[in-house]
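All ligand and atom numbering here is 1-based and tracks the order in the structure.
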Amino acid sequence: MRPDVPTLVEGIRSGRRAAVSQAITLVESSRPQHRELARELLTALADGGHGAGGREVVRVGISGVPGVGKSTFIESLGTRLTSAGHRVGVLAVDPSSVRTGGSVLGDKTRMGRLATDPQAFIRPSPSAGTLGGVARATVQAMAVLEAASYDVVLVETVGVGQSEVTVAGMVDTFLFLTLARTGDQLQGIKKGILEIADVIAVNKADGDREAEARVAARDLAGALRMVRGMEEWAPPVVTCSGLTDVGVDDLWERVLAHRAHLGGDGLARKRAEQQLDFTWAMVRDELDQRLRHSPAVRAVRDEVRAAVLAGELPATVAADRILAAYDQGRTAPA
Ligand SMILES: Nc1nc2c(ncn2[C@@H]2O[C@H](COP(=O)(O)OP(=O)(O)OP(=O)(O)O)[C@@H](O)[C@H]2O)c(=O)[nH]1
């Protein structure tokens, strides 16, 4: 059935869950007519002014390796936020779902309380073919949630490949969850993540792990100073437990402090720059898709492959031949 855009917009603006779900399904679709409708929908939503029913929207990325306790943490943070009167949306960017077609992150069954909370909306990761496709769908889902007055959007991702950088490029504040590690174990944390994190928390700081977590946080703060030097914002390293909720409020205060540090203008600039980066990321992704699906490229692909593998064609010449086929395919009459 063809979704009716004005009805959908009305449903989203009134915060109706079915409309929000339907709209997110639409923006996740890669079918050309759905893409067209999604564009129409997002334009209509953008016309209605910015954000969650006039409330300031807070976008936070949350990353950490499998087992660090992301689901438990988001359940704890999300329920505290809804109790404080916020409407919380949870999205996920899971690159493994691209390969498997399945999705583990943002799994509702692991966030039982939040999943049944009327003030929360949880959506698992789309499996839209490429990381670029997943990112596009997630950014658009974020716009849908914000138009439906969700004023806190949490985007969860697992620490694999490029997904953290992708998520950091769509949120205001990037939170990295880790477990107690000291000394040599610190090497195991990817340097890249320390470069993009705005707030770091050593999770599972409960029971007899608490003291260990505090030591680890201190060590990590030291390591961070080496990586980040003297930046204006020194990312705080705190401890918390998603299980007992200890430290979760403090962590949220740190997130808000990071926003305060950015300031209104700084945040607006950051979001504008993200939009521009994202524009080009989408262009690159789309070009990649077109290249893959171009009949003219398909026509030369096997021949080029065989010639390169046989050592008869240097890579540079092979690349030129593919690009020439692509360009010709674009100009040739269909
Ligand atoms: N002690 C303690 N255990 C925790 C805490 N948070 C999560 N756990 C346990 O750690 C395991 C993983 O928790 P999840 O919340 O499912 O972790 P996750 O990082 O979302 O898991 P992945 O989906 O594998 O990435 C579960 O057995 C939890 O019960 C915590 O704060 N303290």
Inspect the contact between [Y] and [X] and indicate whether a charged nitrogen and a carboxylate oxygen are less than 4.0 angstrom apart.
| X | Y | result |
| --- | --- | --- |
| D265 | R269 | no |
| E10 | R13 | no |
| R80 | D245 | yes |

Passes side-chain contact (heavy atoms from CB on, under 4.5 Å), V202 versus T239? Steps please.
-> CA-CA 5 Å; V202 178; T239 59; 4.3 Å; yes
As an exercise, identify every atom of ligand 1 less than 4.0 angstrom from a heavy atom of [X].
| X | result |
| --- | --- |
| K70 | 15 (O), 17 (O), 18 (P), 19 (O), 20 (O), 25 (O) |
| L243 | 1 (N), 2 (C), 3 (N), 5 (C), 30 (C), 31 (O), 32 (N) |
| G242 | 31 (O) |
| T72 | 6 (N), 7 (C), 13 (O), 14 (P), 15 (O) |

For atom 32 (N) of ligand 1, which of V68, D206, V248, L177 has the closest heavy atom?
->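 Among V68, D206, V248, L177, the closest heavy atom to atom 32 (N) of ligand 1 comes from D206.
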Best match, R209, K204, E210: closest heavy atom to atom 5 (C) of ligand 1 =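 Going through R209, K204, E210 one by one, K204 has the nearest heavy atom to atom 5 (C) of ligand 1.
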Do the side chains of L243 and V238 join up, straight or via other hydrophobic residues, at under 4.5 Å, putting them in one cluster?
->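 Shared cluster, no.
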4.0 Å heavy-atom contact, G64 with ligand 1 |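 So G64 does not count as touching ligand 1.
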What do we get for N203 next to ligand 1 when only non-hydrogen atoms under 4.0 Å count, side chain, backbone, both or neither?
->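 Near ligand 1, N203 shows its side chain, while the N, CA, C and O stay back.
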Drop me the distance from R113's CZ to E75's CD, to the nearest 0.5 angstrom.
->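 One finds 4.5 Å between CZ of R113 and CD of E75.
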Consider every N or O of S241 and every N or O of ligand 1, then say whether any pair is closer than 3.5 Å.
->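 N/O-N/O distance below 3.5 Å exists for this pair.
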Do D198 and T173 have side-chain atoms, one donor and one acceptor, less than 3.5 Å apart?
->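 No, no side-chain donor-acceptor contact under 3.5 Å.
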